[in-house]
Amino acid sequence: MSSEQNDYSEFMGKGKARERMFETEIPIGFFHSALLEPYRTRYFIEDEIVKDCEIEVDPAYRGIERMLQGMPVDKANIITERICGICSNGHLWSSVRTAETGLKIEIPRAAQAIRVLAEELERLHSHLLFIAHASEVLGHETFAYRSFLMREPVMQILYMISGNRVNYAIPVLGGVRPRTQIAEWKGKAILEAMDKLDANLRKFIERFLSDIMVMSRLSGVGVCDKQTAIKYHAVGPTARASGVDLDYRTKMPEYKDFDWDMVVLDEGDNAARIKTRALECLVSTRIARQAIEKAMGDSEVLNRNWQIGPMPVQHNYIEVPRGELYHSYGLDDQGKIGHYIVRTPTMTNLATMEVACVGDQLTDAVVTLATCDPCLTCCNRFVVVDEKGRERSMTVRDVRGGGS
Amino acid sequence: MKALARKRAIHVMLVYTGGCNGCDIEVAAAVYSPIHDLEQYNVMLTWNPREADILLVTGPVTKKIAPALKEIYDAIPEPKVVAAVGACAINGNVYKNLGGDLGPSSEIAGPVENIIPVHARVPGCPPRPEDIITAAAAAIKILSERSD
């Protein structure tokens with residue numbers, strides 16, 4: 001069985017054959033010093049210029065959707081949170097929200113605000129991590145360390161609220177965990193930290209954007225215009241940097257009472273993608289401040305008045321740091337999950353970048369892939385099964401529609 | 001002399017084997033972030049197995065990565081110490097132990113000790129940077145004892 005399972009020869013024959021031969025192929029991965037996570041990129045280059053690129057996102061496949069089949073929601077939440085270690089709150093919120101909309105569970109106002117607060121703090125730390133990672137790929141270690149320095153207070157706030165630095169476990173069915181309610185002293189401490197962070201962020205952004213060396217390396221490289229972004233359905237900051245005004249927060253009822261702006265830039269190059277995320281950090285601190293004001297001192301954060309029951313398949317979208325996150329499942333009579341589907345933003349973002357890096361120098365192509373903020377752990381959850389029952393991992397090519 | 005030299009420049013290689021990324025980033029934060037700053041103890045993060053002394057493994061080791069992990073372990077020169085960071089690397093965590101109708105994940109070859117010998121374990125989901133620093137300090141001790 002296993003040897004048959006790994007036999008890809010059939011697909012290789014059928015797949016889109018390379019129309020022409022290229023001078024050199026540079027394969028990178030699964031493990032490589034340029035990659036933080038294992039994935040494989042094949043660059044086809046001619047004279048240092050990337051002519052074609054192919055990404056394979058196999059190795060982190062863990063079969064999470066299959067594991068979730070037939071689990072009670074409460075227990076499943078432990079796993080959905082661990083789909084990703086960066087947007088853990090996003091995954092947990094999304095999975096909880098799916099059941100809540102399906103079963104019509106009411107959420108206290110303060111609980112909604114705390115969920116929004118957690119999501120915005122998560123966006124902050126994710127974007128700062130991205131800036132750190134991108135600067136490191138660029139080779140500018142000072143900016144990377146600066147960014148890590150700004151990120152640490154955010155992590156400490158999350159640690160203070162929830163008791164863990166990565167898996168916060170803040171949303172539960174019917175509200176948030178009672179431990180995470182924002183007491184007066186906590187709220188004040190967070191507001192103070194936000195003020196400091198804001199000042200630091202402004203200084204950092206100004207410094208980053210006025211650095212001639214860094215900007216000359218970034219601007220005009222890896223350009224992804226609006227049509228390409230729409231064609232490959234880029235989401236989140238990657239799409240917004242290409243002029244697509246797509247932000248799921250505009251459609252979420254949780255964000256209705258908040259005053260915030262969407263950051264949309266037109267350039268679509270690497271500089272724009274970094275700039276979008278840097279500016280979104282400022283938006284996030286603004287939303288976080290409002291969320292604290294709404295939640296501070298309110299101890300009613302959990303509604304226990306609900307019953308689990310059968311639920312038809314629900315579709316749920318939220319905006320996580322990297323873009324739209326889709327969770328969907330139904331419940332049977334005993335409240336067990338059936339047909340869990342997760343679709344994460346990296347899938348389409350990476351496919352967009354695969355196109356955007358063509359035509360640049362090889363050194364810039366690596367940066368281009370990093371600027372879509374790839375998160376492969378979320379990405380690897382499904383295998384494609386063909387008519388004969390053989391399994392293989394989904395590749396980015398499947399999403400692009402050009403492959404086998 | 002060798003021991004002294006080794007004590008002054010420990011190179012840590014971080015291998016991520018298919019977990020959720022949380023431990024990975026905490027290790028990176030422990031080494032890079034100026035607040036924790038593992039580099040002040042002369043511990044450097046490297047991506048080259050040939051110059052590594054300590055191998056930090058995070059994640060539950062998926063079947064596809066297991067051979068690569070073995071290869072990386074073999075490429076590290078003696079003396080070497082392996083530390084399993086996080087619950088996934090120690091016992092497989094949710095991926096190995098939780099599951100619905102179809103049981104837990106069948107894609108996991110781990111935990112790490114099924115594939116390569118493990119000398120130190122850092123528990124937690126994920127472990128805090130403080131714990132990682134403590135573990136690194138302990139690993140340095142093991143390493144310096146072994147090198148004699």
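So that the names make sense, note that chain A is the first sequence line, chain B the second, and so on, each numbered from 1.
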Quiz item: Taking it one step at a time, do B/Cys88 and A/Arg82 satisfy side chain to side chain contact (heavy atoms under 4.5 Å, CB included)?
Solution: CA-CA 11 Å; B/Cys88 288; A/Arg82 282 161 181 77; over 6 Å; no
Using non-hydrogen atoms and a 4.5 Å limit, figure out which bit of [X] sits close to chain A: side chain, backbone, both or neither.
| X | answer |
| --- | --- |
| B/Pro126 | both |
| B/Ile72 | side chain |
| B/Ile108 | side chain |
| B/Glu71 | neither |
| B/Asn93 | side chain |

Exercise. Check whether more than 12 heavy atoms from other residues, nucleotides or ligands sit under 6.0 Å from atom CD of A/Gln156, and answer yes or no.
Key: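 Check passes, neighbour count above 12.
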Exercise. Could you go through the side chain to side chain contact (heavy atoms under 4.5 Å, CB included) check for B/Ser106 and A/Arg66 one step at a time?
Key: CA-CA 10 Å; B/Ser106 59; A/Arg66 185 187 145 284; 4.1 Å; yes
Quiz item: Given a strict heavy-atom distance threshold of 4.5 Å, which part of A/Glu136 is in contact with chain B: side chain, backbone, both, or neither?
Solution: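 Interface part for A/Glu136: side chain.
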Self-check item: Per-residue contact mode, A/Arg146 against chain B (heavy atom under 4.5 angstrom)
Solution: neither
Quiz item: Between A/Glu152 and B/Ser33, what is the shortest heavy-atom contact and its length?
Solution: OE1-OG, 3.7 Å
Self-check item: Over all atoms of both residues, closest heavy-atom pair of B/Ala29 and A/Phe148
Solution: CA-CE2, 4.1 Å
Contact winner vs chain B - [options], heavy-atom pairs under 4.5 Å:
| options | value |
| --- | --- |
| A/Leu129, A/Ile78, A/Leu149 | A/Leu149 |
| A/Glu141, A/Lys75, A/Met71 | A/Met71 |
| A/Ile337, A/Leu68, A/Ile79 | A/Ile79 |

Quiz prompt | Any side-chain heavy-atom pair of A/Val166 and B/Cys125 under 4.5 Å | solution = no
Quiz prompt | Within-4.5 Å side-chain heavy-atom neighbours: B/Pro129 and A/Met155 | solution = no
Quiz item: Going through the distances and angles, do A/Arg151 and B/Ile25 end up as a side chain to side chain contact (heavy atoms under 4.5 Å, CB included)?
Solution: CA-CA 12 Å; A/Arg151 179 177 174 267; B/Ile25 287 158; 3.2 Å; yes
Quiz item: Which distance, rounded to the nearest 0.5 Å, do you find between the CE of A/Met150 and the CD1 of B/Ile35?
Solution: 11.5 Å
